[in-house]
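Within every chain, numbering begins at 1; the chains are lettered A, B, ... in the order of the sequence lines, protein sequences first and strands thereafter. Side-chain atoms are counted along with the backbone in the values below, which use heavy atoms only and exclude waters and symmetry mates.
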Amino acid sequence: MDLTLLLQGILSGILASGLYALVSVGLALAIGVIGIVNFAHGEFFMVGAFLAYQLFISFGFDPVLSLFFVAPALFILGALIYRSSIQFVLKAPELNQMLLTFGIGIILQNLALVIWGGDPRSISNVPYRSIGYQVGGVSIGLVPLASFLISIFIVAGLYFVLLKTPLGRAMRAVAQNRTGASLVGLEVNRIYLLAFALSAALAGLGGVMIAVIQSPTPVVGFAFTLKAFAIVVLAGLGNIRGILGASLLVALAESLVATLVPDGDSLRNAVFFAIIFVVLIVRSRRQA
Amino acid sequence: MKLRMNLVLLALAAVLLFFLPDLLKLFFDKASVSYLSLLINATSLAILALSWDILARTGQLSLAHAAFFGAGAYSTAILVKQTDVSLWLGLPLAALSAVLLALLLGSVTLQLRGIYFAIATLSFAEVLKAVIQKLPSSLAGGAAGINVEPLFRPQFIAGEMERWEIAFLRNESYFLLYAGLLLATIVLSLLIESSSLSYAFSAIRTNEEVAAVMGVKAARFKLLAFVLSSMPVGILGAIQAHRIGSVSPDETFNVGTTVLALVTPIFGGLYTSLGPILGALGLASIEEFLRRTFSEGYLIGYGIVLVLSILFMPKGIMGLLRSLRKAQRESL
């Protein structure tokens with residue numbers, strides 16, 4: 001086997017895992033802390049991508065600068081959606097949450113289709129998009145590298161918040177025991193609101209990066225919802241720390257198949273879901 | 001007793017459905033073509049939704065119904081393309097392949113619950129879609145898919161009928177076929193509801209461990225539900241393949257089918273026979289109305305309807321009807 005090709009596959013996989021982790025960790029927050037099955041999560045990602053695109057087109061904002069605008073914008077969008085609908089289904093059955101958030105997803109996706117149309121859009125003419133480095137025959141694009149580093153930085157920041165700050169402690173407390181948390185004086189509803197808004201902001205940040213890496217259309221969101229769900233489930237519900245490992249596993253597998261197998265690029269999705277399926281089945285048998 | 005009354009009602013509905021296309025034609029003339037296509041949408045949605053609900057009664061929330069649909073569609077398409085046998089043989093073959101697939105998927109997912117089960121079934125459907133795409137294209141047509149012969153070739157003399165009449169004629173036979181499949185699915189669902197199966201199903205849904213302690217063989221009932229749920233969907237896929245005229249991985253294994261299979265029963269009312277049907281009728285009509293009124297971006301309205309329905313009728317149309325009836329009784 002060609003060693004450089006193998007190294008290239010591994011490296012691209014590692015770089016791609018950062019974005020998966022960033023998007024999935026937001027969903028894990030929504031499921032783990034609030035207990036809400038959010039089928040609109042990928043749409044926050046999509047909105048982030050198109051906001052960054054619009055900021056670039058209208059004002060020439062560099063995507064890196066857009067990160068600082070998109071995050072608060074998505075935070076506010078998330079908060080609005082939480083206040084107007086999510087908070088009413090906190091105790092409803094999972095299926096009701098699914099349908100509600102799915103409805104929200106349809107609204108966001110079709111609003112985007114009306115505003116931006118169905119064609120793929122991308123922030124293509126930033127000067128650094130074509131910069132790449134060669135290390136021993138393996139090439140590293142600056143954009144994937146930067147998006148990996150930024151993603152990991154944000155995910156690490158989230159871990160820090162959850163582990164070391166009062167807000168994070170409150171979120172973990174609420175996640176463990178809602179009644180107990182409210183008994184010791186935590187404002188549960190406010191913490192849920194913050195967690196949901198934060199979850200949307202994290203997805204939006206991922207969206208900014210996808211707008212530079214790929215050329216998304218407004219229908220890209222649902223696919224990312226499904227993938228993020230798969231990663232969260234792979235890590236185990238409520239296990240926010242497991243997200244990094246799960247993202248790395250699927251991203252590596254995708255990338256290795258795409259680089260090593262002839263015509264492997266079209267197999268990316270199949271490999272992704274095959275891994276999820278096998279892991280879920282094997283794990284369930286072992287526990288039984 | 002209740003079953004017998006329901007079956008009588010169903011027989012009446014069958015008679016009505018049989019004459020419905022003629023009635024439409026009589027009353028709406030040219031506009032009847034679009035009413036008929038709305039009815040076709042509603043009926044096929046109802047089959048999908050009711051089948052999904054049958055499985056959900058055991059607590060198994062499938063995201064794999066596009067796979068059963070696709071298995072039925074593809075097995076028919078391949079049979080028709082590769083052999084010269086009667087087109088109608090495709091329908092039982094579709095049912096068979098959907099059932100085999102369901103047994104396979106159902107037996108490996110027995111230990112999975114809730115969202116884990118849902119994601120596993122979704123992954124299964126996505127992998128199957130890729131497998132179909134990678135089959136030799138002489139067999140399954142690759143990413144482009146295969147064309148499928150129509151089941152019905154209405155006889156008409158060119159020039160003697162208007163264009164809308166020919167379109168109507170073409171859809172009329174399909175509608176009767178869908179209606180027949182829907183009636184069969186309803187009978188299936190009613191039989192389950194009135195037998196001891198319904199107790200076993202809801203015991204498993206409520207708490208599988210407790211059900212097992214009470215002597216309910218959970219694995220057997222869960223697999224049975226899988227089989228019964230997949231059969232109508234497989235046949236539906238086959239009919240749809242004939243009517244649309246082609247199958248392709250992206251269209252036939254569309255995750256949208258899976259989503260509709262679950263959205264509709266929730267909208268109508270879960271774990272009942274009537275709920276998914278009302279849901280299908282409601283959603284198909286609302287979508288058609290919105291499409292005509294707003295054209296571009298009409299799905300925004302569809303999304304708003306879904307959100308509002310969960311906020312204001314969390315138990316679906318059935319829940320709404322139940323509380324209306326209760327309020328009426330109390331006011332008397």
- prompt: If you tally heavy-atom pairs under 4.5 Å against chain B, which of Asn96(A), Ile276(A), Val114(A) wins?
  reply: Asn96(A)
query: Hey, which of Gly103(A), Ala230(A), Gly236(A) has the most heavy atom pairs under 4.5 Å with chain B?
result: Gly103(A)
task: Any chance you could measure Gln111(B), atom CD, to Arg286(A), atom CZ, to the nearest 0.5 Å?
output: 13.5 Å
query: At their closest point, which heavy atom of Ile300(B) faces which heavy atom of Ile107(A), and how far apart are they?
result: O-CG1, 3.7 Å
- request: Give me the contact list for residues 77-86 of chain A versus chain B, heavy atoms only, anything under 4.5 Å, ordered by residue number.
  value: Ser84(A), Ser85(A)
field: Neighbours of chain B found in residues 38-51 of chain A - heavy atoms under 4.5 Å
entry: none
- line: Heavy-atom nearest pair, Ile115(B) first then Glu94(A), reads N-OE1, 4.2 Å
query: Just by modelled atom types, is the Leu237(A) backbone N or O under 3.5 Å from a matching donor or acceptor in the Tyr116(B) side chain?
result: yes
Ile104(A) vs Val307(B), side-chain contact (heavy atoms from CB on, under 4.5 Å): CA-CA, chis, key distance, verdict: CA-CA 7 Å; Ile104(A) 295 169; Val307(B) 169; 3.8 Å; yes
- line: Correct closest heavy-atom pair for Ser123(B) and Phe277(A) would be CB-CB, 3.9 Å
Derivation of the side-chain contact (heavy atoms from CB on, under 4.5 Å) call for Leu112(B) and Arg283(A): CA-CA 9 Å; Leu112(B) 290 166; Arg283(A) 206 160 55 190; over 6 Å; no
Glu193(B) atom CD, neighbour heavy-atom count above 12 within 6.0 Å: yes
task: Using non-hydrogen atoms and a 4.5 Å limit, figure out which bit of Leu262(B) sits close to chain A: side chain, backbone, both or neither.
output: side chain
- prompt: Side chain, backbone, both or neither: which part of Val131(B) has an atom under 4.5 Å from a heavy atom of chain A?
  reply: neither
field: Portion of Val233(A) that has a non-hydrogen atom of chain B nearer than 4.5 angstrom
entry: both
query: Is it the backbone or the side chain of Ala274(A) that comes under 4.5 Å from a heavy atom of chain B, or both, or neither?
result: both
statement: In terms of heavy-atom pairs under 4.5 Å with chain B, the winner among Leu111(A), Ile275(A), Val279(A) is Leu111(A)
query: With a 4.5 angstrom heavy-atom cut-off, which part of Asn269(A) approaches chain B: side chain, backbone, both or neither?
result: neither
message: I need the contact set between residues 264-271 of chain B and chain A: heavy-atom distance under 4.5 Å, sorted by residue number.
response: Ile266(B), Phe267(B), Leu270(B), Tyr271(B)
statement: Residue from Ala130(B), Pro314(B), Gly316(B) scoring the most non-hydrogen pairs under 4.5 Å with chain A is Pro314(B)
- prompt: What's the shortest heavy-atom distance between Lys134(B) and Leu267(A), and which atoms?
  reply: CE-CD2, 3.8 Å
message: Would you compute the distance between atom CZ of Arg285(A) and atom OG1 of Thr109(B) and round it to the nearest 0.5 angstrom?
response: 9.0 Å
- prompt: Would one find more than 12 heavy atoms of other residues, nucleotides or ligands at under 6.0 Å from atom CZ of Arg190(A)?
  reply: no
field: Structural part of Phe272(A) lying under 4.5 Å from a heavy atom of chain B
entry: neither
- line: If one checks every heavy atom of Val305(B) against chain A at 4.5 Å, the contacting part turns out to be neither
message: Within the 4.5 Å heavy-atom criterion, are Phe117(B) and Leu280(A) side-chain neighbours or not?
response: no
- prompt: So, does Asn110(A) use its side chain to make a donor-acceptor pair with the main chain of Gly297(B) at under 3.5 Å?
  reply: no
- prompt: Residue by residue, which of residues 239-252 of chain A have a heavy atom closer than 4.5 Å to a heavy atom belonging to chain B?
  reply: none
- line: Note: Val108(B) and Ile281(A) closest approach over all heavy atoms is O-CD1, 3.4 Å
message: Given heavy-atom pairs under 4.5 angstrom as the criterion, report whether the side chain, backbone, both or neither of Val271(A) touches chain B.
response: neither
message: Quick check on the interface: out of Leu63(B), Leu299(B), Val127(B), who has the most heavy-atom pairs with chain A under 4.5 Å?
response: Leu299(B)
